Amino acid sequence: MTPLQALQKYFGYSNFRHSQEAIIQRVLDKKDVMVLMPTGGGKSLCYQLPAVLLNGVTIVISPLIALMKDQVDSLNLSGIPAAFLNSSQSPEEQKDIAIQLKNNELRLLYIAPERLFGKDDRLMTFLRTLNIVQIAIDEAHCISQWGHDFRPEYLMLAGLKNEFPGVPVIALTATADKLTQKDILEKLNLHEPVVFISSFNRENITYRVHQKTKSFDQLLNFLSERKEDSGIIYCLSRKSTEALAEDLKDEGYAAEAYHAGLNHEIKARNQEAFLKDEVKIMVATIAFGMGINKSNVRFVVHVDLPKNIEGYYQETGRAGRDGLPSDTLLLYSPGDAIKLKSFAMVENNAEQSAIMLKKLDDMVNYCQLHACRRQYLMHYFDEPFPDNCGSCDFCLSEFVKFDGTLIAQKALSAVARLKERFGSAYVIDFLRGSKREKIWEEHKQLKTYGAGADISRADWMRYFRELIAMGYFKLSDDGYSALKLTTKSEAVLKGLEKVELIAAQTIEEKEQEEVSFDAGLMSLLRKQRQEIAIGENLPAYIILSDATLLEIATYLPQKMDELRLISGFGDVKLAKYGREFLAVINTYSKENGLVSKIDQKSKKRISKTKKPARTSDTFKATFTLYKEGKTVTEIAQERGLSPTTIEGHLSNFVQTGELDVSEIVAQEKIPAIKDAIESYGNDKLSPLKEILGDDYSYGEIKAVIAWMNYKQKAES
Ligand code: ADP
Ligand code: ZN
């Protein structure tokens with residue numbers, strides 16, 4: 001069986017994601033690898049698939065007992081024999097597993113690291129007698145002190161490579177930073193490892209930050225559109241998780257709290273209920289989530305400011321593991337930042353305090369950003385991301401701009417009069433003519449004192465943020481964040497340059513593409529799945545993912561052969577549950593006069609993570625200008641965007657076939673770009689750009705990718 005056949009047969013997927021295929025090949029060649037992929041990227045498959053193909057036992061080291069059970073249940077359901085060994089099992093159960101191992105009846109064995117090198121050498125001695133063919137180390141960053149989740153017991157794994165010298169080791173993590181990476185390779189003693197790094201961009205997650213005003217109302221507003229959905233709400237304090245869960249229950253939501261202070265039983269019960277969809281919303285501190293593999297978490301809300309981008313990205317990353325569109329929302333108030341500042345101080349450790357404060361600063365900057373949020377996140381993780389994403393709150397908003405030159409001049413001259421020695425809080429009070437004592441008497445004599453009294457404090461704060469972002473001010477880096485003028489500010493003060501500001505009322509575009517699935521059928525399918533799940537005593541998402549149900553509700557397969565084409569239905573699941581689901585679909589279709597649309601599904605080619613090209617208004621605006629005969633440069637100038645962005649817009653129309661690629665890329669350049677894409681894939685633009693060099697722009701590369709996608713679609 002080839003890897004691709006096994007993928008279809010056992011997992012029901014028809015193509016590999018990211019670099020899964022290359023990774024798997026490496027393992028099959030008995031080489032060591034390290035895999036860095038974001039949460040939900042599909043790491044498990046990288047060792048589960050070789051485990052199926054190799055005739056022996058794969059050992060999986062995993063830090064969390066809860067996760068092991070989940071994975072083992074899921075594998076067994078797909079017809080892959082697997083088991084775990086941990087302290088919760090009786091001696092009989094353990095013996096039973098040992099016998100199965102001896103008989104070569106198990107493909108995967110999950111073990112916690114401390115078990116492996118326990119008090120005596122018994123387990124190790126036993127394992128040596130088996131035919132071990134692969135060792136997978138999940139959450140490999142736990143071995144490094146530099147990571148955010150160091151576990152001393154992981155250090156024991158250093159001995160593994162010596163114990164099983166010829167056996168390939170695959171280390172997997174979603175933590176990307178360089179120091180940790182290096183540490184993992186060294187500590188695990190990997191032999192000539194190849195490191196696979198996937199893009200950390202989570203395309204199916206949208207990022208939103210709103211100013212926190214009335215947080216509960218804001219939350220209810222957000223939830224009102226997500227009544228059926230499962231999600232996590234993160235709070236800073238234990239107390240507020242419980243209070244908020246109660247309040248949500250009063251509003252009719254199935255919510256529970258989770259934090260480290262609850263007793264073990266309550267925690268286990270709430271977590272289990274969440275996994276099984278009996279509880280829809282978990283209100284939690286950051287203690288919750290590590291090892292939660294639930295694939296259908298549709299939203300993650302932070303009602304308080306996270307301490308750093310790493311944590312925020314990890315927590316938001318728990319949404320949408322199944323690849324379906326998912327939302328995140330952060331409610332930001334500057335007060336939270338001040339509160340967290342005191343937490344960030346590590347006693348007697350000035351160096352670490354400085355690091356923590358810097359991380360908090362980056363987090364605050366993210367919240368105050370007036371640019372694409374995803375781009376900021378990707379840059380934070382050192383990943384190039386040249387264009388706006390089109391799916392964060394900034395990209396989805398329409399901003400009404402107005403001539404703010406006068407306002408800017410007032411702000412700039414106030415800062416000049418105050419000799420560039422004050423931060424924005426003071427300058428705003430000064431501009432608004434505050435009577436407060438803190439305003440120096442001599443300042444009250446200045447002409448600009450009170451010159452901006454007609455503008456509210458909140459609006460002033462926004463304007464200052466924008467002016468800083470546009471480079472009219474910079475902040476002193478002596479810790480006081482005093483506003484300083486720049487060379488740009490002079491032109492404005494002299495009346496030589498106009499400044500555009502964003503009006504207070506910004507409208508968020510609500511229009512997101514809807515998948516045209518049948519909601520009535522979807523809810524029946526969910527019910528059917530829940531029934532099976534209860535019968536099997538397993539969480540529903542292990543039976544079938546939401547993504548799979550959604551495909552069914554979209555394409556309405558009517559027979560077994562059609563159901564087979566739905567992503568996520570491997571052979572075993574098809575045999576086990578196919579009929580039950582077909583019965584539901586058949587009945588529903590008959591009652592509603594519906595027929596199969598499976599033809600529209602091009603042989604499982606549609607990747608769920610890639611949404612159809614977004615032809616939002618901004619793209620259309622570009623296209624209209626283009627059709628009027630304007631060049632890319634002219635459009636870029638007219639729209640105040642970069643040529644690369646304009647080329648990106650146009651690429652969308654190449655992908656739909658409305659525009660020929662040669663309109664964007666010179667004919668003679670196309671073959672080289674095509675070659676590069678065929679050799680290196682189109683997951684990431686930056687390596688392609690590096691290979692192709694300066695003569696090729698990001699926009700041109702994008703256009704050729706779009707063109708190849710279009711051709712592929714047309715051919716299939
Ligand atoms: P990670 O461990 O990287 O967070 P998982 O291994 O849990 O991610 O995978 C996330 C989801 O993606 C799972 O539901 C998994 O079945 C699914 N998945 C993995 N590989 C593929 C693939 N090639 N095609 C479709 N779905 C996949
Ligand atoms: Zn964006």
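As the structure lists them, so they are numbered: ligands from 1, and atoms in each ligand from 1. Just so it is clear, the structure is predicted and the values come from calculations on it, not from any experiment. Residues: numbered from 1 along the sequence shown.
Any N or O atom pair closer than 3.5 Å counts here, and Phe16 shares no such pair with ligand 1. Looking at Gly42 next to ligand 1, an N or O pair under 3.5 Å apart turns up. The N/O atoms of Gln20, backbone and side chain alike, include one that comes under 3.5 Å of an N/O atom in ligand 1. For the pair Ser295 and ligand 1, the shortest N or O to N or O distance does not fall below 3.5 Å.
The side-chain heavy atoms of Ile23 and Tyr47, taken from C-beta on, include no pair separated by under 4.5 Å. The shortest distance between side-chain heavy atoms of Gln211 and Leu331 does not fall below 4.5 Å. Looking at heavy atoms from C-beta onward, Arg202 lies in side-chain contact with Tyr207 at the 4.5 angstrom threshold.
Not a single heavy atom of Ser545 sits closer than 4.0 Å to an atom of ligand 1. Residue Pro38 places a heavy atom under 4.0 Å from ligand 1. Using a non-hydrogen distance threshold of 4.0 Å, Asp322 does not register as a contact of ligand 1. At least one heavy atom of Asn15 sits less than 4.0 Å from an atom of ligand 1. Heavy-atom distances between Arg321 and ligand 1 reach below 4.0 Å in at least one pair.
Phe274 and Phe288 have perpendicular rings, their planes meeting at more than 60° on a 0 to 90° scale where under 30° would count as parallel. Using a 30° and 60° split on the angle between ring planes, His302 and Tyr312 fall in the tilted class, from 30° to 60°.
The number of heavy-atom neighbours closer than 6.0 Å to CD of Glu272, taken from other residues, nucleotides and ligands shown, is 12 or below.
Heavy-atom contacts of Thr39 reach the following atoms of ligand 1: 4 (O) (cutoff under 4.0 Å). Ligand 1 places these atoms under 4.0 Å from at least one heavy atom of Ser44: 2 (O), 5 (P), 6 (O), 7 (O).
Under 4.0 Å is where a charged nitrogen must lie from a carboxylate oxygen, and between Lys576 and Asp571 no such pair does.
Around the Zn ion (ligand 2), protein N, O or S atoms at less than 2.8 Å comprise Cys372 SG, Cys389 SG, Cys392 SG, Cys395 SG.
Using a distance-only test at 3.5 Å, with no hydrogens or angles considered, a donor-acceptor pair links the side chain of Gln375 to the main chain of Pro386. Between the side chain of Glu315 and the backbone N or O of Val300, no donor-acceptor pair lies under 3.5 Å.
Partner of Lys294 under the salt bridge (Lys or Arg N to Asp or Glu O under 4.0 Å) criterion, chosen from Asp70, Asp277, Asp322: Asp277.
Side chains of Ser326 and Arg298: a donor on one and an acceptor on the other come within 3.5 Å.
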